[in-house]
Amino acid sequence: MPTNNVQSIKESLIHKLQQPEDLVFKENHTKEKYMEVLYIKSISDEAVLLENVLKPFFEITSSKEFLDFLQSHPKASEYECEQKTIDVVMRGVAILFYQDFVFLFDCKMDRNNAVMDTTVETTIQGPQAGFSESLPVNLGLIRQRYPNVSLKVESTTVGNLSKTKVMILHDTKFVDPDTLKRVKKFLDAIDIDMFQTGEQLFDIIKKSNRALFPLMLVTERPDRVAVNLASGKVVLLVHGSSYAVILPTVMKDLMSSMEDIYQTYWIAKFLQILRYTAFNISMILPGLYVAVSSYNPELFRVHLAMSIAGSRTGIPYPSFVEVLLMLFMMELLTEASIRLPKAIGPTATTVGGLILGQSAAEAGLVSNIMIVIVSFVAISNFVVPINAFSFTIRVLKYFILLLATIFGLVGVVIGFFMLLAYMVKLDSFGEPFLTIIQSKPSKE
């Protein structure tokens, strides 16, 4: 429909946009027609605007035919209100002033639309494509793997200043309505100025419940998202982020890898058992070593007890100080491997670990068996497939180590059951953290 006071709307918009340096206001003339175009060239794709608007403007002679062309174009929409128009212009939409009409033409520039390879959740078999930083591309990757009419896509914005677009995906046949309401309520309650990526939800959830364990799953794999949609989960896609957020998240999700789907049944079960074993080893082994070597050495066989006692000959401090020293060294090496440039990171940390471990043993600061135990703990920690969960395990082992230092073997048992009770208490958007099988609503 024609818009009243087109001139006043144009002047008001230019005034509200404050005429930045990259603002383009261009007049276009032919014998029969006159059109004005307003856009921000740094975020608008001028090639799309040229091909879809400017070329037809000069090729179509009739003003009525060009108006029909604009009204029928799928990328063009009519003016609704000033605030909404300003919001979309700041995201790359162009404004067309033609006759008594004001059109909004979608020509947003997408600089990060290339499909990326997985770098964090790698698998030997299966798809290797990962999400990009483009929201439409990520949605397309999911729809390719989940071509179901029951897949519902809703959108909202988060961030008082950033106004970041967030898409909410769920399968209406499988999703729990109560869980979906909790997720939407949680998003509506977020009060933050700049929201850049889904990983920021970790910090927001942490501030609300101080949980040690991650209660959401961040993934870069479209195939994992498709599998979780079929199990009734809610998925969040954030504009500008190459990761999707899966809610609710329970422990079995954090301990599962897409490798389980692409392997045979018994191999998958073996790998799952291996991960849970590594989880327990990484948490318990340092505290268990301190408890048994300092409080209950009779639990060892005679030859092993003598070997451990012999390796600790000349060590000037108790076993728990030795364990803390080596664990602290391993934490520093792990952090250094993350922060250093990729070209020198692996080499520097490998050489540093070998030299520090050997030098510490030769200097009599730590025993040889302690180096073996710390290496075993570090390798077990890296077996956990989700990084956020492996970081949690890195912290939890110090809690059990503290109790083992004070109470011995009893402290290890108490600490393990305290952590188990804590996990029983946790829930992720209404789903218990230790849920084995997520319940689905009836399909009827």
Side-chain angles (χ1 to χ4, degrees), residues 202-203 206 210-214 277-297 307-342 344-384 386-416 418-419 422:
F202 276 123
D203 186 54
K206 176 187 69 179
R210 307 290 180 183
L212 278 172
F213 293 88
T277 304
F279 167 75
N280 289 305
I281 288 173
S282 183
M283 278 204 312
I284 294 175
L285 188 58
L288 190 63
Y289 169 78
V290 171
V292 176
S293 62
S294 299
Y295 289 87
N296 304 97
S307 175
I308 294 175
S311 69
R312 296 204 73 253
T313 301
I315 304 300
Y317 33 71
S319 58
F320 76 90
V321 177
E322 180 187 14
V323 172
L324 278 176
L325 177 64
M326 287 303 297
L327 287 179
F328 183 67
M329 187 186 301
M330 184 57 65
E331 296 291 350
L332 291 179
L333 286 172
T334 303
E335 285 299 305
S337 66
I338 298 173
R339 312 300 169 201
L340 284 173
K342 292 182 180 179
I344 63 172
T347 304
T349 52
T350 302
V351 174
L354 291 173
I355 293 175
L356 285 173
Q358 184 178 359
S359 301
E362 290 178 354
L365 298 176
V366 296
S367 61
N368 291 325
I369 189 129
M370 189 66 252
I371 295 176
V372 174
I373 288 175
V374 170
S375 302
F376 198 15
V377 169
I379 293 171
S380 299
N381 198 11
F382 295 140
V383 171
V384 177
I386 303 299
N387 281 334
F389 197 37
S390 65
F391 291 153
T392 299
I393 299 172
R394 284 169 58 183
V395 176
L396 290 178
K397 63 175 176 278
Y398 293 103
F399 172 70
I400 294 182
L401 177 62
L402 175 64
L403 292 177
T405 303
I406 300 173
F407 301 107
L409 198 59
V410 176
V412 175
V413 177
I414 292 174
F416 180 78
M418 286 176 67
L419 289 175
Y422 178 73

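Bear in mind that the values here come from a model prediction, so they are computed numbers and not experimental data.
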Would you please test Met283 and Leu419 for side chain to side chain contact (heavy atoms under 4.5 Å, CB included) and show each step? CA-CA 10 Å; Met283 278 204 312; Leu419 289 175; 3.8 Å; yes
According to ring-ring contact (aromatic ring centres under 6.0 Å, His included), who are the partners of Phe279, at least two apart in sequence or on a separate chain?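 Testing Phe279 for ring-ring contact (aromatic ring centres under 6.0 Å, His included), a comparison that skips the adjacent residues, returns Phe389.
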According to side-chain contact (heavy atoms from CB on, under 4.5 Å), who are the partners of Val321, at least two apart in sequence or on a separate chain?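 Counting only residues at least two positions away or on another chain, Val321 forms a side-chain contact (heavy atoms from CB on, under 4.5 Å) with Tyr317, Pro318.
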Val292: which residues meet the side-chain contact (heavy atoms from CB on, under 4.5 Å) condition with it, sequence neighbours left out?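 Result, side-chain contact (heavy atoms from CB on, under 4.5 Å) vs Val292: Leu288, Leu299, Phe300, Leu409.
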Who pairs with Ser319 by side chain to side chain donor-acceptor pair (under 3.5 Å), at least two apart in sequence or on another chain? Ser294
Side chain to side chain donor-acceptor pair (under 3.5 Å) involving Thr277 - partner list, sequence neighbours excluded: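 Counting only residues at least two positions away or on another chain, Thr277 forms no side chain to side chain donor-acceptor pair (under 3.5 Å).
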Would you give the length of the straight line joining atom [atom1] of [X] to atom [atom2] of [Y], rounded to the nearest 0.5 angstrom?
X      : Y      : atom1 : atom2 : result
Ile393 : Leu212 : CD1   : CG    : 12.0 Å
Lys397 : Thr392 : NZ    : OG1   : 11.0 Å
Leu333 : Met330 : CG    : CE    : 6.0 Å
Met326 : Ile373 : CE    : CD1   : 10.5 Å
Met418 : Leu396 : CE    : CG    : 11.5 Å
Leu401 : Leu285 : CG    : CG    : 10.5 Å

Can you see which heavy atom on Ala291 is nearest to which on Ala404, and at what distance?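 Looks like CB-CB, 4.2 Å.
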Any side-chain heavy atom of Val410 within less than 4.5 Å of one from Tyr295? no
Quick one: are Leu403 and Val412 in side-chain contact, heavy atoms under 4.5 Å?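 A side-chain contact under 4.5 Å is absent here.
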Pair up each side-chain donor or acceptor in residues 376-383 with any protein partner under 3.5 Å, not counting sequence neighbours, and list the distances.
| residue | atom | partner | partner atom | Å |
| --- | --- | --- | --- | --- |
| Ser380 | OG | Phe376 | O | 2.8 |

Can you list the steps and then say if Phe328 with Leu324 is a side chain to side chain contact (heavy atoms under 4.5 Å, CB included)? CA-CA 6 Å; Phe328 183 67; Leu324 278 176; over 6 Å; no
Any donor-acceptor N/O pair, Ser282 side chain to Ala278 backbone, under 3.5 Å: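 Side chain of Ser282 to backbone of Ala278: no pair is present.
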Any donor-acceptor pair under 3.5 Å linking the side chain of Tyr289 with the backbone of Val323?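 Judged by distance alone, no pair lies under 3.5 Å.
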